[in-house]
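This report refers to the structure that appears directly beneath it.
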Amino acid sequence: MEMESEPYVRLASLRQLHQAMADMNTARSLADTLQTVADGVVTSLGYEMACVNLVRPDGDLVVAAFSGNSAAEALITGRVGSRESWERRLTMGEAWGDLRFIPHTEGWVLDDDDVPQWYTDGPAPRFEDEWHPADRLFAPMYAPGVQGGGSGELLGVISVDRPRNGRHPGAWGREALQMYAFQAAIAISNARLRSNMQRALVRLEREQQALRASEESFRQAFEYAPSGMAIAEMGGDQHGRILRTNDALCRLLGRPASAMRRYSFSDLVHPEDIGTLLRTSAEGGRAELRLGRRDGSYVWVSLRNSVVADAADGPRFLLTHVEDIEERKRRELQLAHRASHDSLTGLPNSAELRSRLSARLCRRPTHADELESLDAAYGHPAYDVNGHGFDFASGTDAYDGFDHHVHTVAPEDDRDDGTKGLAVLFCDLDGFKSINDRFGHNAGDAVLIEVARRLSRGVRDGDTVARLGGDEFVILADGLGKADAQDLAVRLRNEIIQPIRAEGRAVRVGASFGIGWAHCGMTADEVLKSADERMYVEKRSRPKQHRRAG
């Protein structure tokens with residue numbers, strides 16, 4: 001558009017301006033929009049050169065587009081000017097509305113700043129409003145919605161040079177450039193928005209592709225995992241309900257996938273392991289427990305839960321990994337049994353006997369410092385001189401050593417007063433050494449195995465028969481009175497003295513029994529020593545020829 005005299009403006013000039021603005025808003029990218037802005041100044045507003053300086057995220061301005069001079073374009077496109085220098089320029093010179101005109105008389109102070117510049121040669125002006133080669137005219141572009149003034153967000157600056165008519169723009173030219181800068185700001189904002197949307201769409205598509213690939217990878221990993229996998233609901237009324245299982249888990253439990261969806265893990269777990277399951281499935285975790293097979297048997301598994309979300313802010317699920325550990329558990333149980341049981345007879349060994357006995361006995365404090373601390377806790381003497389706890393206010397035991405522990409008591413030694421206690425029968429075989437000496441250790445082992453079988457057969461369920469070592473056995477029988485314990489010893493002795501088949505011959509051994517009583521305050525060794533001493537008393541009290549029958 002030629003710089004026309006006021007107040008007349010040709011219709012063709014308005015059409016050129018309108019077309020330039022339309023082109024800005026139909027550019028395909030931000031780069032195209034910026035170049036269209038620069039080209040529109042040259043083709044429609046009547047300037048020979050135009051430069052678009054765009055504000056970067058860091059605040060400085062970069063030469064983003066240039067039009068009108070290819071040499072200048074190659075020299076300064078992409079160069080950066082500091083925000084500080086640009087702010088100084090936009091506060092100098094004359095304000096023509098939103099435009100800023102810096103005449104050559106002031107512009108010399110800007111020659112050495114860091115803003116990229118292009119100098120054009122030309123003669124000095126001959127009259128007052130003629131354009132000087134060192135004149136500068138800037139059109140700031142502010143964010144849409146901010147009408148003029150420097151208070152809005154600055155998007156960039158259009159700088160123009162060399163009007164084709166060689167004169168400073170008049171009122172119409174200034175208004176046209178200011179209006180053009182305003183529309184350019186809108187076009188740049190829209191281009192940025194479209195660019196951001198396009199990048200977001202591309203990123204979303206890539207994320208969706210990655211999600212689909214991840215879901216497919218998970219599906220394959222889930223379906224073809226060598227160990228069991230399941231997805232269960234988390235929270236709500238259906239917490240723990242199985243939604244999906246893989247083939248490995250179905251094979252492990254012998255149940256089809258359709259049937260598995262009718263259950264939750266709490267339906268399948270062994271009743272003794274339900275507490276372990278609930279602790280594990282609350283927020284994820286790991287546990288070892290037993291799950292039921294279709295045939296009614298149970299298999300030991302390692303169950304590991306992970307909490308996963310179906311989508312952003314979506315429902316949460318439990319991803320359960322189930323590993324068969326039946327063989328390992330079997331080995332562990334075997335090792336534990338070997339550690340606690342006699343390898344020859346299969347009876348509990350000495351360590352297991354002491355463990356079971358100690359579990360029934362609580363230790364009462366007897367030292368002065370322990371008694372004093374309990375006295376202080378109760379506010380009165382809690383123990384008598386023998387260490388027996390007693391609450392004088394209520395007439396009950398003041399302290400029992402263990403939570404919910406029932407004290408083990410013993411009948412009086414001199415009479416059978418009806419008290420039931422934990423009887424400890426110490427059994428020593430009579431004549432066993434001669435069998436080993438005459439017939440060998442294989443025969444002796446056969447005798448020990450048969451004695452162990454007869455002792456186990458002769459006691460109640462819940463009683464303990466243990467091999468202490470050699471030919472010594474111990475029986476723990478709870479809830480017996482003195483007469484009951486003596487009757488038990490007689491019955492067991494009568495069982496033992498029956499002939500035993502060993503190495504193709506019948507042999508016989510006798511047995512001596514000593515009956516001790518366990519009560520709280522004693523140690524396991526003290527109880528066993530008491531029963532052992534009574535056994536030797538009983539053994540010495542009988543004639544030697546009667547210690548072994550047959």
Side-chain angles (χ1 to χ4, degrees), residues 1 16-83 85-87 89-90 98-102 110 113-120 133 135-144 146 152-164 169 173-174 176-199:
M1 181 179 72
Q16 288 178 350
L17 181 61
H18 179 268
Q19 184 61 46
M21 293 180 179
D23 292 342
M24 288 190 298
N25 289 288
T26 56
R28 299 180 61 181
S29 66
L30 177 60
D32 289 346
T33 299
L34 294 170
Q35 188 60 51
T36 303
V37 170
D39 293 342
V41 174
V42 173
T43 60
S44 302
L45 293 180
Y47 294 94
E48 292 186 8
M49 288 189 294
C51 178
V52 178
N53 300 272
L54 188 67
V55 177
R56 301 192 312 180
D58 63 3
D60 292 339
L61 281 75
V62 61
V63 177
F66 196 97
S67 184
N69 188 309
S70 58
E73 180 179 1
L75 179 66
I76 67 175
T77 299
R79 293 176 57 187
V80 177
S82 67
R83 183 63 174 263
S85 297
W86 272 107
E87 289 178 348
R89 287 172 179 244
L90 297 179
D98 283 348
L99 306 180
R100 181 65 63 172
F101 175 71
I102 304 175
L110 303 175
D113 68 10
D114 60 355
V115 173
Q117 301 180 82
W118 175 261
Y119 296 96
T120 56
D135 287 342
R136 293 174 172 87
L137 179 58
F138 303 116
M141 296 179 292
Y142 295 100
V146 179
E153 179 187 359
L154 182 68
L155 298 181
V157 180
I158 301 173
S159 62
V160 299
D161 194 15
R162 297 176 62 179
R164 287 195 178 93
R174 298 173 187 179
L177 181 57
Q178 182 173 302
M179 182 171 57
Y180 186 84
F182 177 75
Q183 292 298 322
I186 295 176
I188 291 172
S189 296
N190 290 339
R192 278 180 167 171
L193 180 61
R194 287 194 303 271
S195 178
N196 290 338
M197 291 179 61
Q198 289 172 351
R199 284 196 296 268

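When a residue number appears, it is its place in the shown sequence, counting from 1. No experiment lies behind these values; they were computed from the predicted model shown.
There is no side-chain donor-acceptor pair under 3.5 Å between Glu73 and Asn69. Donor-acceptor pairing under 3.5 Å is recorded for the side chains of Ser67 and Asp39. Side-chain contact, Thr36 with Thr33: no donor N or O sits under 3.5 Å from an acceptor N or O.
Of all non-hydrogen atoms in Arg194 and Ala27, the two that sit nearest each other are NH2-O, 3.3 Å. Residues Ala38 and Ala50 approach most closely at O-CB, 3.6 Å, considering heavy atoms. Of all non-hydrogen atoms in Ser85 and Val115, the two that sit nearest each other are CB-CG2, 3.6 Å. Between Leu177 and Ala139, the closest heavy-atom pair is CG-CB, 4.0 Å. Shortest non-hydrogen contact noted between Met49 and Gly68 is CG-C, 4.1 Å. When all heavy atoms of Arg79 and Pro116 are compared, the closest pair comes out as CB-CG, 3.5 Å.
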*Could you please spell out the steps behind the side chain to side chain contact (heavy atoms under 4.5 Å, CB included) verdict for Trp86 and Phe138?*
CA-CA 10 Å; Trp86 272 107; Phe138 303 116; 3.9 Å; yes
*Just do the side chain to side chain contact (heavy atoms under 4.5 Å, CB included) check on Ile102 and Leu110 with the steps written out, would you?*
CA-CA 10 Å; Ile102 304 175; Leu110 303 175; 3.8 Å; yes
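The side-chain heavy atoms of Ser44 and Tyr180, taken from C-beta on, include no pair separated by under 4.5 Å. The shortest side-chain heavy-atom distance between Val42 and Arg164 falls under the 4.5 Å cut-off. Side-chain contact between Arg83 and Leu154: present, with at least one pair of heavy atoms (C-beta onward) separated by less than 4.5 Å. No side-chain heavy atom of Val160 sits under 4.5 Å from any side-chain heavy atom of Leu45. When side chains are defined from C-beta on, Val55 does not count as touching Val62, because their heavy atoms never get closer than 4.5 Å. Under the 4.5 Å side-chain criterion, counting only non-hydrogen atoms from C-beta, Asn53 is in contact with Cys51. Ile158 is not listed as a side-chain neighbour of Pro140, based on a closest heavy-atom distance of 4.5 Å or more. When side chains are defined from C-beta on, Val80 counts as touching Asp60, because their heavy atoms get closer than 4.5 Å.
Ile188 contributes atom CD1, which lies 11.5 Å from atom CD of Gln183 (distance to the nearest 0.5 angstrom). Here the OH-CG distance, from Tyr47 to Asp161, works out to 10.0 Å after rounding to the nearest 0.5 Å. Atom-to-atom distance recorded for Leu61:CG and Ser159:OG is 10.5 Å, nearest 0.5 angstrom. How far CG of Leu30 is from CG of Asn196: 9.0 Å, rounded to the nearest 0.5 Å. Distance CG/Leu75 to CD/Gln117: 11.0 Å, rounded to 0.5 Å. Taking CG from Leu137 and CZ from Arg100, the interatomic distance works out to 11.0 Å, rounded to the nearest 0.5 Å.
Not a single salt bridge (Lys or Arg N to Asp or Glu O under 4.0 Å) links Arg192 to another residue, sequence neighbours left out. Shown here are the salt bridge (Lys or Arg N to Asp or Glu O under 4.0 Å) partners of Arg89, two or more places apart in sequence or in another chain: Asp113.
Annotation: Trp118 is not in aromatic contact with Phe66 [ring centroid separation under 6.0 Å not met].
When atom types are taken as modelled, the side chain of Arg174 and the backbone of Pro169 share a donor-acceptor pair closer than 3.5 angstrom. For Gln178 (side chain) and Asp98 (main-chain N/O), a donor-acceptor pair under 3.5 Å exists by modelled atom type.
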